[in-house]
Number of protein chains: 2
Amino acid sequence: MDAANDTRQRIITAAQELIYTRSYNEVGVQEICDHANVKKGSFYHFFPSKRDLALAVLDQSQAFMHETIIKKSFLDDIPPLARIERFFTTIYEFHKQVKENTGRIFGCPFGNFGCEMSTQDEDIRSKVDNILSTSEKPFVKALTEAVERGDLPAIDTAATARAIFAYVEGIMLYAKTCNDPELIRELGKRALQLAVPVNMQ
Amino acid sequence: MDAANDTRQRIITAAQELIYTRSYNEVGVQEICDHANVKKGSFYHFFPSKRDLALAVLDQSQAFMHETIIKKSFLDDIPPLARIERFFTTIYEFHKQVKENTGRIFGCPFGNFGCEMSTQDEDIRSKVDNILSTSEKPFVKALTEAVERGDLPAIDTAATARAIFAYVEGIMLYAKTCNDPELIRELGKRALQLAVPVNMQ
DNA sequence: CTTGACATTGACCGAACGGTCAACTAGGGT
DNA sequence: ACCCTAGTTGACCGTTCGGTCAATGTCAAG
């Protein structure tokens with residue numbers, strides 16, 4: 001049971017890393033197993049198929065992001081809008097570090113999955129869809145707090161959070177394609193401009 | 001020469017459609033050839049490898065976007081900022097139509113390629129990078145005109161155009177993952193908010 | 001000591017992958 | 001009539017793909 005969990009966990013972690021740095025279709029089950037020191041026969045003891053592994057990887061990536069990026073960024077030790085700004089500096093520093101270590105920007109794991117798989121696998125699509133929605137929540141909370149404090153006028157915080165997070169995804173895609181972490185910092189500065197009253201006709 | 005061009009063209013067009021609606025790694029050379037009514041042996045007479053086809057597909061997709069979306073959106077029959085708004089309604093209507101026909105949103109062909117291939121193939125990455133830069137130009141032009149007309153204060157038009165187009169990519173990724181064209185319309189409304197003076201500090 | 005549930009292994013499956021190649025066809029220039 | 005080039009074809013290459021399975025190992029509960 002212990003060793004089992006460990007094997008399963010090693011598979012997920014290996015897959016997470018390989019798929020994130022390459023792509024779902026570029027990485028085979030065999031390679032994942034090699035990387036996790038597991039025989040392929042064992043793989044199918046824990047996962048009925050490769051796509052079920054993908055779903056598990058998404059769960060783990062979401063948990064990872066929450067622990068390392070969301071929690072840190074949205075701590076309420078600073079004003080709510082400053083937390084959103086801190087979110088961008090956090091992901092900037094994260095990807096800058098990754099680039100120093102690997103020479104590459106790999107983008108957003110959820111955006112990557114969504115881009116590659118949304119038209120191919122409905123379960124993966126809806127899981128990514130759900131993760132994106134969940135990811136908007138800390139932004140909604142921060143924006144709502146900002147409105148309550150009077151830092152922002154009354155706005156549609158849910159729609160604004162969605163716009164900001166869509167912008168995040170666009171920034172990450174740009175940073176990946178240009179392989180330049182500085183884009184995260186530079187473009188991130190403008191994120192809060194997406195939070196203005198709904199006038200604009 | 002005529003028939004040759006035609007064969008080559010059919011291959012590119014078939015690949016463009018298949019890769020756009022699925023993904024590069026999901027679509028094999030054989031399937032592309034079947035779709036184009038070409039034998040696989042012929043394929044390698046025109047393309048040294050599958051990735052060279054990908055580069056040709058990117059060229060054709062860029063030309064397609066320029067002819068069908070950019071030209072139409074950025075006609076100078078209306079004020080410059082209205083052209084940017086028209087760009088969003090154009091892509092909204094395009095993808096709404098695609099969804100009606102196919103039930104799916106397939107996102108941005110360049111964003112898709114960039115997401116899937118940037119870490120795998122440097123030539124493809126830099127080609128997509130270049131296409132993104134080129135795509136910013138009509139936005140730069142419109143923004144510059146808007147500044148000249150006094151519709152906007154003096155801003156960094158290049159940086160603003162980049163922010164807006166990154167937002168476009170994020171919107172397209174969101175629309176694809178949520179499979180909902182309405183997101184393009186709703187989120188697109190806020191694009192011009194990314195064009196404000198650089199203060200904000 | 002036995003049983004049963006879970007874990008592990010390696011051999012194996014058919015299909016598909018990207019890519020190669022020699023043979024053949026077609027057509028225009030000399 | 002000849003050749004040369006470009007285009008076409010189908011058989012074929014080794015490799016990898018996702019997935020299956022029966023046999024074996026492990027170990028804790030009864």
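Every chain is numbered from 1 and lettered A, B, ... according to where its sequence line falls, protein lines coming before strand lines. Since we're looking at a predicted model, the values are computed, not measured.
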| task | Summarise protein proximity over nucleotides 19-26 of chain C in one line of letters, 5' to 3': B for base, S for sugar-phosphate only, - for none, counting protein heavy atoms closer than 4.0 Å. | result | BBB-----

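Within the 4.0 Å cut-off from OP1 or OP2 of D:dG10, at least one side-chain nitrogen or oxygen of B:K39 is found. The phosphate of C:dT8 has neither OP1 nor OP2 within less than 4.0 Å of any side-chain N or O from A:H45. Under 4.0 angstrom from either OP1 or OP2 of D:dG7 there lies no side-chain N or O belonging to B:T7.
Pairs passing the side chain to side chain donor-acceptor pair (under 3.5 Å) check and including a residue from residues 69-84 of chain B, sequence neighbours excluded, read B:E67-B:K71, B:S73-B:T90, B:D77-B:R86, B:R83-B:E145.
The distance from atom CD1 of A:I11 to atom P of C:dT9 is 11 Å, rounded to the nearest whole Å. Whole-Å rounding puts the B:E31 CD to C:dA15 P distance at 17 Å. Rounded to an integer number of Å, the gap from CG of A:L53 to P of D:dC17 is 14 Å. Across the protein-nucleic acid pair, A:N25 atom CG and C:dG18 atom P stand 11 Å apart, rounded to whole Å. Per the geometry, CD belonging to B:E26 stands 14 Å off P belonging to D:dC17, to the nearest Å. A straight line from CG of A:D6 to P of C:dC6 spans 19 Å, rounded to a whole angstrom. Regarding A:R8, its CZ atom lies at a distance of 14 Å from the C1' atom of C:dC6, rounded to whole Å.
Scored by the ring-ring contact (aromatic ring centres under 6.0 Å, His included) test, A:F88 finds no partners at all (sequence neighbours excluded). By the ring-ring contact (aromatic ring centres under 6.0 Å, His included) test, B:Y20 pairs with B:F106, sequence neighbours left out. With sequence neighbours left out, the ring-ring contact (aromatic ring centres under 6.0 Å, His included) criterion links A:F165 to A:F139. Partners of A:Y92 according to the ring-ring contact (aromatic ring centres under 6.0 Å, His included) rule, which considers only residues two or more places apart in sequence or in another chain, do not exist here.
Within the cation-pi definition used here (under 6.0 Å to the ring centroid, within 45° of the axis), B:K127 does not qualify as a partner of B:F110.
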